[in-house]
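The chain is numbered in sequence order, starting from 1.
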Amino acid sequence: AQNKHTASEADDAEVKERYENERRLVLGRFTSKRLRLWDPPAWSESSGRRAEPPKPYEDGVQYSWRVEVNGFTDAEGWRYARHFGKGALWRNTFQHQMFVR
C-alpha cells in the first residue's frame, strides 16, 4: 500500500509495481522490522503477495524504477494509516495516531 515503486522498460512499457510497507511503535520510527505476522510483507505486489525489492535487472531485463509521488502521497511517496487491511483510511500526511505506511 504505501510507498509505491514503479518500473517500466524503455519501449515496451511493461509496468511493474512494488509496494514498500512499514510499521512503527508509538514513539518509534517506521521500519519493516516492526511488521507483524498479519501485516503485508516488507515488499509486496498490488495484490498483497510478497515481492522482491526493486532491482535494476529482473529476468534479464533492465528496469528504471521510480517512487510514485502524487496527490495521494507525501513528497516521498508514502501514504499513512492506523492499520493495514480492510477499513484502513489512508492519508498523504503523517499524524501521530498513524502506525503504518
Side-chain angles (χ1 to χ4, degrees):
Q2 307 33 64
N3 194 341
K4 185 163 89 171
H5 297 258
T6 305
S8 61
E9 296 179 54
D11 295 324
D12 299 332
E14 177 188 351
V15 175
K16 289 189 174 190
E17 296 179 341
R18 297 288 189 268
Y19 293 85
E20 186 174 8
N21 303 293
E22 296 182 330
R23 179 180 283 279
R24 72 178 187 93
L25 297 177
V26 174
L27 297 176
R29 295 180 150 204
F30 283 101
T31 176
S32 61
K33 294 176 183 172
R34 298 273 185 232
L35 291 171
R36 298 176 179 159
L37 292 175
W38 56 85
D39 286 340
W43 288 94
S44 63
E45 297 176 349
S46 58
S47 66
R49 286 189 301 229
R50 183 175 306 279
E52 292 293 319
K55 299 176 190 174
Y57 289 92
E58 256 184 52
D59 302 322
V61 176
Q62 184 175 4
Y63 286 92
S64 174
W65 292 92
R66 66 178 177 80
V67 174
E68 185 172 318
V69 176
N70 58 42
F72 298 104
T73 70
D74 68 8
E76 295 178 347
W78 292 103
R79 296 187 311 155
Y80 303 88
R82 294 182 74 130
H83 58 83
F84 291 110
K86 290 185 179 185
L89 297 174
W90 293 95
R91 309 259 187 233
N92 62 358
T93 55
F94 171 75
Q95 297 172 356
H96 290 288
Q97 70 273 21
M98 296 181 173
F99 299 101
V100 299
R101 66 180 190 179

Looking at every heavy atom in both Tyr19 and Ser46, which two are closest together, and how far apart are they? CE1-CA, 3.4 Å

If I take atom OG1 from residue Thr93 and atom CZ from residue Arg79, how far apart are they, to the nearest 0.5 angstrom? 12.5 Å

Measure across Val69 and Asp74 and return the closest heavy-atom pair with its distance rounded to 0.1 Å. CG1-O, 3.5 Å

Once you round to the nearest 0.5 Å, how far does CH2 of Trp43 lie from CG of Asn21? 9.0 Å

Should side-chain heavy atoms under 4.5 Å link Ile, Leu, Val, Met, Phe, Trp and Tyr, which residues sit in the same cluster as Leu27? Val26, Phe99

CZ/Arg23 to OG/Ser32 distance, rounded to the nearest 0.5 angstrom? 12.5 Å

All heavy atoms of Gly48 vs all of Pro41, minimum pair found to be O-CD, 3.7 Å

Within 6.0 Å of CZ in Arg34, more than 12 heavy atoms from elsewhere: no

Show the nearest heavy-atom pair for residues Pro56 and Trp65, with the distance to one decimal. N-NE1, 4.5 Å

Contacts of Glu58 that satisfy salt bridge (Lys or Arg N to Asp or Glu O under 4.0 Å) - sequence neighbours left out: Lys16, Arg18

List in chain and number order the residues that pass ring pair (Phe, Tyr, Trp, His ring centres under 6.0 Å) with Phe94, two or more places apart in sequence or in another chain; answer none if no residue qualifies. Phe30, Tyr80, His96

Apply side-chain contact (heavy atoms from CB on, under 4.5 Å) to the pair Val100 and Trp90, showing each step before the final yes or no. CA-CA 9 Å; Val100 299; Trp90 293 95; 3.9 Å; yes

To the nearest 0.5 Å, tell me how far Thr73 OG1 sits from Arg101 CZ. 12.0 Å

Without swapping roles, check the side chain of Asp59 against the backbone of Val61 for a donor-acceptor pair under 3.5 Å. no

Heavy-atom nearest pair, Glu22 first then Trp78, reads OE1-CH2, 3.5 Å

Rounding to 0.5 Å, atoms CD (Glu52) and CD (Glu45) come to a distance of 10.5 Å

